[in-house]
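For reference, the structure discussed in these notes is given below.
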Amino acid sequence: MSAMITMGSDGILHVPDDPVIPFIQGDGTGIDIWPAAQSVLDAAAARHGRSIAWKEVLAGQRAYDETGEWLPQETVDAFREHLIGIKGPLTTPVGGGIRSLNVALRQILDLYVCLRPVRWFSGVPSPVKHPEKVDVVIFRENTEDIYAGLEVEQGTAEAKRLIELLHDEMGWTIRTDSGVGIKPVSVTGSKRLVRAALDYAVARGRKSVTLVHKGNIQKYTEGAFRNWGYELTREEFSDVAVGWDDCGGDPGDRVLVKDAIADITLQQVLTRPEDFDVIATTNLNGDYLSDAVAAQVGGIGIAPGGNINYVSGHGIFEATHGTAPKYAGQDKVNPGSVLLSGVMMFEHLGWTDAADGIVRALEATIADGIVTYDFARLMDDATEVKCSEFASAIVDRL
């Protein structure tokens, strides 16, 4: 009989050897990449005496086709009850309905951290000379900023009222033919994000946390995010971390907390990637940075992601790319993103032995030149295989 993952009063996840884990196969190429990834995850778990009772739930196009809802309540309930889940890529309705199913799940379950570790796997084709210098973990705030969805459409009565209100109450002049968005950045949201980044850096022996912001222009939102990050460091982490200004850039054996403007960061993650270890940033900046860094190590096709609430224990791990419907059912695309998201999930559950085994087997498979089409076309003497065959090759090397 499979058991539930629970969150203890000690703030630690209690994980049985046979947990129930909800999954969403995903739309488009989800039909190919999820079974491939699942086969590797199951094999790796079994090698360490564990098993997963997978519980399928629906979202996206398939959910709409079968239930008339893009995100059925029972899916939300399953993730809420079982704490940890994983999902493939989802179709987001265009022109109505839910703005983004991914964003909706994050907001409903208050998954305030979007965790994106980005590193190079030996043998993966890269557009840069030294992809091995990239080893960064991005903590992207998930619930605030312009992604909160607080927008009014140009030409609507709501837009007219808001523009008039801002003019009358704040003296702000906004063109009357504008759409308007609100960008909330709170003390609560900022500090819990930076707290998670610092906890991670301390626990994993990382050297620095960089607060990335556009505070030179957006002083009371992004600038405040920076200031609150330094404030939290002094309040809660002074024994294990120190801000740049408080140590002159010499942290000793503590984690160094520093900051960087978002636009120059997008340049420096390319020219000096070794300067970045853990990054903590606001929602939109994190979106840009995650993809920009991932491009150096093989692209978002193999970039994993997790959405986590470290307080409640909830986490949903996900493929970070789109559905690519034109390739659906062809058993062609790379399952790396959802597979490595499963690796992240295993690490989060404390199954580091199984997670490490998958990474070693993945690297060995690529080193042997056995890859899907996206890598094969960029490599010399590679053997192009199907999605399912790539997964089988990884299992053979576990």
Side-chain angles (χ1 to χ4, degrees), residues 2-5 18-42 45 51-111 114 142-143 147 149 300 304-309 312-333 335 337-342 344-346 348-349 387-388 391:
S2 299
M4 298 268 289
I5 298 170
D18 56 348
V20 178
I21 295 182
F23 75 94
I24 298 170
Q25 173 181 277
D27 296 320
T29 55
I31 194 172
D32 303 306
I33 62 174
W34 171 252
Q38 183 184 342
S39 68
V40 179
L41 296 171
D42 283 338
S51 64
I52 298 169
W54 298 106
K55 176 183 176 65
E56 184 171 17
V57 292
L58 302 179
Q61 188 66 54
R62 184 174 164 206
Y64 185 78
D65 291 344
E66 294 186 20
T67 71
E69 297 180 83
W70 291 100
L71 182 60
Q73 184 60 43
E74 63 188 73
T75 296
V76 176
D77 292 343
F79 283 128
R80 182 175 283 125
E81 178 184 7
H82 294 284
L83 297 186
I84 301 299
I86 189 168
K87 56 178 281 296
L90 293 179
T91 298
T92 291
V94 176
I98 294 174
R99 180 186 303 266
S100 164
L101 295 168
N102 297 321
V103 172
L105 279 168
R106 295 167 191 169
Q107 292 180 340
I108 290 168
L109 296 174
D110 196 23
L111 305 176
C114 179
N142 234 354
T143 63
Y147 275 58
I300 61 172
N307 302 284
I308 303 167
N309 183 317
S312 70
H314 289 94
I316 299 177
F317 299 83
E318 64 181 0
T320 59
H321 54 73
T323 58
K326 70 177 181 179
Y327 293 118
Q330 296 183 26
D331 194 17
K332 181 173 182 173
V333 300
S337 180
V338 71
L339 174 59
L340 289 171
S341 296
M344 285 181 65
M345 182 178 73
F346 278 6
H348 189 70
L349 296 177
C387 174
S388 58

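Just so it is clear, the values below take in all heavy atoms, side chains as well, and ignore hydrogens, waters and symmetry mates.
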task = For Asp331 and Ser388, indicate whether the former's side chain and the latter's backbone hold a donor-acceptor pair under 3.5 Å.
result = yes
ask   = Any salt bridge between Arg80 and Glu74, counting N to O under 4.0 Å?
value = no
inquiry  = Please check: side-chain N/O of Ser341 versus main-chain N/O of Gly305, any donor-acceptor pairing under 3.5 Å?
reply    = yes
request  = Mind listing the closest non-hydrogen atom pair of Val20 and Pro22 along with its distance?
outcome  = O-CD, 4.0 Å
ask   = Are any non-hydrogen side-chain atoms of Ile86 and Glu318 less than 4.5 angstrom apart?
value = no
ask   = About how many Å separate CG of Leu339 and CD of Gln38, when rounded to the nearest 0.5 Å?
value = 11.5 Å
query = Between Ser337 (side chain) and Thr320 (backbone), is there a donor-acceptor pair under 3.5 Å?
reply = yes
query = Looking at side-chain heavy atoms only, is the closest gap between Ile33 and Pro89 below 4.5 Å?
reply = yes
Over all atoms of both residues, closest heavy-atom pair of Pro19 and Ser51 = CD-O, 3.3 Å
query = So, does Thr323 use its side chain to make a donor-acceptor pair with the main chain of Leu90 at under 3.5 Å?
reply = no
query = With His82, which residues qualify under side-chain hydrogen bond (donor to acceptor under 3.5 Å, both in side chains), at least two apart?
reply = none
ask   = Asp27 side chain to Arg62 main-chain N or O, any donor-acceptor pair under 3.5 Å?
value = yes
ask   = Hey, what do you get for CG (Asp18) to CD1 (Ile52), rounding to the nearest 0.5 Å?
value = 10.5 Å
request  = Please round to the nearest 0.5 Å and tell me the distance separating atom NZ of Lys87 and atom CD1 of Ile316.
outcome  = 8.0 Å
ask   = Where is the tightest heavy-atom contact between Gln73 and Glu69, given as atom of each residue plus distance?
value = N-OE1, 4.5 Å
remark   = Residue set satisfying side-chain hydrogen bond (donor to acceptor under 3.5 Å, both in side chains) with Gln61, at least two apart, ordered chain then number -> Asp65
key: Least distance between heavy atoms, Gly322 atom then Thr29 atom   = O-OG1, 4.4 Å
message = Once rounded to the nearest 0.5 Å, what's the spacing between atom CD of Glu56 and atom CD1 of Ile21?
response = 14.5 Å
message = Within this structure, what is the CG-CZ distance for the pair Leu340 and Phe346, rounded to the nearest 0.5 Å?
response = 12.0 Å
ask   = Any side-chain heavy-atom pair from Ile308 and His348 closer than 4.5 angstrom?
value = yes
inquiry  = Test of understanding: with side-chain contact (heavy atoms from CB on, under 4.5 Å), list the residues that count as partners of Ala328, not counting sequence neighbours.
reply    = none
ask   = Is the shortest heavy-atom distance from the side chain of Leu109 to the side chain of Asn309 under 4.5 Å?
value = no
ask   = Thinking salt bridges, do Glu81 and Lys55 make one under a 4.0 Å N-O criterion?
value = no
note = Note: Ala391 and Ala36 closest approach over all heavy atoms is CB-O, 3.4 Å
query = Quick one: does Thr75's side chain have a donor or acceptor within less than 3.5 Å of a partner on Leu71's backbone?
reply = no
query = Would you call the rings of Trp34 and Trp54 parallel, tilted or perpendicular if under 30° counts as parallel and over 60° as perpendicular?
reply = perpendicular
query = Do side-chain atoms of Asn307 reach the backbone of Leu111 as a donor and acceptor pair under 3.5 angstrom?
reply = no
task = Mind running side-chain contact (heavy atoms from CB on, under 4.5 Å) on Val57 and Phe79 for me, showing each step along the way?
result = CA-CA 9 Å; Val57 292; Phe79 283 128; 4.1 Å; yes
remark   = dist Ile84:CD1 -> Met345:CE (nearest 0.5 Å) comes out at 8.5 Å
